[in-house]
Amino acid sequence: MRRMPLTPHLRALVTGTPPHLTPQTQVQEAARTLFPRMAARPQLLDVFTNAMIDTRALARPLEWYLTPRGFGEKNAVFVQEARALTRRLAQEALAAAQITPADVDAVVVVNTSGISAPSLDADLIEHLGINRHAARLPVWGLGCAGGASGLARAADLVRAGYRRVLYVAVELCSLTLVHGDETKSNFVGTALFSDGGAAAVLTHPDEPGPAPLAELCGAYSTLIEDSEDIMGWDVVDEGLKVRFSRDIPTLVRGMMQGNVQAALSAHGWCPTQIGTYVVHPGGVKVLSAYEEALNLPAGALDASRHVLRHYGNMSSVTVLFVLQETLRAHPQGRALLSAMGPGFSAEHVLLNFPG
């Protein structure tokens, strides 16, 4: 008899941001100081309006960003604020899953917007009292795709025998602003990027606890050929400088239908079975490209647009905010969670909402 693959359960998911909620209109006004040459062209400032973002959370008050900062200073802020945010969210997630820190046997932490060694998972173990023998998997460099990939790797750990896995993603993208750099990528990043974190608990299905929010049924990864220049960081003296291409929506239109079909087929699913799409909102044009490529009905990506409008683009964290927003509508049945990021890569996670 063929054994059915183990299906990890998502027992808890919490999200949060730093305290400095900032209207997009104020960020747009600050751009006049940060980018005087580009701000002199009114059509370029329209990117702040066209981003369809109302508010964003920042690691520091907006005024802090108006002064040039070196990589060392910005990264020190990243470590301080990322530790504070991940500790809080991890505690909340464990409490919601009814699991004590000492019972966690694996920790996965995803980020791309700052550097910490020891990695952030070591801080969580130390300050939350997590089992000191827990397996540690820090994941760096996947950018916007990291939220999906980290969820898949956490599920893989459950399948490998780790029964209670804590998964945390944290990004402070605002700290990657390069003061005085008037390249279009830096300018557009200033119009989109924001800060936030998420924590989840995944368990073996036999573990006691609250009813599962979702079942993790599989995952699918794609690294696209000759695509390194599409998205990433350039490391400069001032820190991590964003690199991305305007061709991302075109790429989504060209590849996403076939890529989703392959992801589903690999697990014996088909597109007609998918009732819910949980998509990372890299930007409004990217969402429109997903809708076109997958022929989605009106309103299918409302949760993604809601998160973009109220939180901006938090890199890896964003798709987990979309998942939480989706869960508020009490979905049922099969779903696909998707994100794209540096590599250039596509990551998909197959979910089932038990209802």
Side-chain angles (χ1 to χ4, degrees), residues 4-11 13 144-156 158-159 167 198 200 202 205 211-224 248-249 251-308 316 318-341 344-355:
M4 295 297 292
L6 188 148
T7 304
H9 284 182
L10 176 65
R11 299 286 187 167
L13 174 64
C144 295
S149 181
L151 190 63
R153 299 295 79 76
D156 286 342
V158 174
R159 295 187 185 98
Y167 166 44
L202 285 73
L213 302 175
E215 299 164 348
L216 283 293
C217 303
Y220 191 82
S221 301
T222 303
L223 182 63
I224 301 164
I248 296 172
L251 183 63
V252 170
R253 289 187 183 92
M255 68 160 283
M256 194 50 64
Q257 183 180 46
N259 191 245
V260 165
Q261 177 71 61
L264 299 176
S265 296
H267 297 276
W269 292 15
C270 65
T272 57
Q273 296 174 310
I274 305 301
T276 304
Y277 285 87
V278 181
V279 174
H280 171 84
V284 291
K285 291 182 179 180
V286 174
L287 290 177
S288 295
Y290 265 98
E291 290 171 328
E292 184 178 329
L294 301 179
N295 194 28
L296 299 181
L301 300 185
D302 280 355
S304 298
R305 288 191 166 87
H306 173 89
V307 170
L308 184 64
S316 68
T318 321
V319 76
L320 301 173
F321 272 66
V322 177
L323 177 56
Q324 186 181 63
E325 182 65 22
T326 300
L327 287 167
R328 292 192 175 101
H330 305 291
Q332 296 184 25
R334 292 180 173 181
L336 186 70
L337 182 148
S338 300
M340 303 184 80
F344 192 64
S345 61
E347 297 284 345
H348 303 290
V349 179
L350 284 67
L351 304 172
N352 183 64
F353 296 121

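Every heavy atom of this structure was used, including side-chain atoms; hydrogens, water molecules and symmetry mates were not.
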Over all atoms of both residues, closest heavy-atom pair of [X] and [Y]:
X	Y	answer
Gly341	Ala145	N-CB, 3.5 Å
Ala300	Leu296	CB-CB, 3.9 Å
Phe353	Pro331	CB-O, 3.3 Å
Ser221	Arg153	OG-NH1, 4.4 Å
Leu320	Gly147	CD2-O, 4.1 Å

I'd like a table of donor-acceptor pairs (distance under 3.5 Å, sequence neighbours excluded) in which one partner is a side-chain atom from residues 258-267, with atom names and distances.
| unit_1 | atom_1 | unit_2 | atom_2 | d |
| --- | --- | --- | --- | --- |
| Asn259 | OD1 | His348 | NE2 | 2.6 |
| Asn259 | ND2 | Thr222 | OG1 | 2.7 |
| Gln261 | NE2 | Ser265 | OG | 3.0 |
| Ser265 | OG | Gln261 | O | 2.8 |
| His267 | NE2 | Ala219 | N | 3.4 |
| His267 | NE2 | Ala219 | O | 3.1 |

Please report, to 0.1 Å, the donor-acceptor pairs under 3.5 Å made by any side chain of residues 269-276, with sequence neighbours excluded.
| unit_1 | atom_1 | unit_2 | atom_2 | d |
| --- | --- | --- | --- | --- |
| Gln273 | OE1 | Cys270 | N | 2.9 |
| Gln273 | OE1 | Arg334 | NH1 | 2.9 |

Apply side chain to side chain contact (heavy atoms under 4.5 Å, CB included) to residues Leu213 and Leu323 and explain how you reach the verdict.
CA-CA 10 Å; Leu213 302 175; Leu323 177 56; over 6 Å; no
Are any non-hydrogen side-chain atoms of [X] and [Y] less than 4.5 angstrom apart?
X	Y	value
Arg11	Pro212	yes
Asn352	Thr7	no
Leu336	Leu350	yes

Pairs involving [range], ordered by first then second residue, that meet salt bridge (charged side-chain N to carboxylate O under 4.0 Å, His left out) (sequence neighbours left out):
range	result
residues 261-277	none
residues 271-283	none
residues 258-281	none

Tell me, which pairs form a side-chain hydrogen bond (donor to acceptor under 3.5 Å, both in side chains) where one or both residues lie in residues 290-299, sequence neighbours left out?
Arg253-Glu292, Glu291-Arg305
Excluding sequence neighbours, so at least two apart, what forms ring pair (Phe, Tyr, Trp, His ring centres under 6.0 Å) with Phe344?
none
Taking only residues two or more places apart in sequence or in another chain, which ones pass side-chain contact (heavy atoms from CB on, under 4.5 Å) with [X]?
X	result
Ala293	Met256
Ala148	Leu337, Ala339, Glu347, Val349
Ser304	Val279, Pro281, Leu287, Leu301, Val322
Ala154	Val108, Val165, Tyr167, Leu202

Under the rule for salt bridge (Lys or Arg N to Asp or Glu O under 4.0 Å), what residues qualify as partners of Glu325, not counting sequence neighbours?
Arg328
Test side chain to side chain contact (heavy atoms under 4.5 Å, CB included) on Met340 and Ile224 and set out the steps.
CA-CA 10 Å; Met340 303 184 80; Ile224 301 164; 4.3 Å; yes
Against Leu151, only a single residue in Asp156, Leu216, Val319 fulfils side-chain contact (heavy atoms from CB on, under 4.5 Å); can you say which?
Leu216
Counting neighbours of CD on Gln257 that are heavy atoms of other residues, nucleotides or ligands and sit closer than 6.0 Å, is the number greater than 12?
no
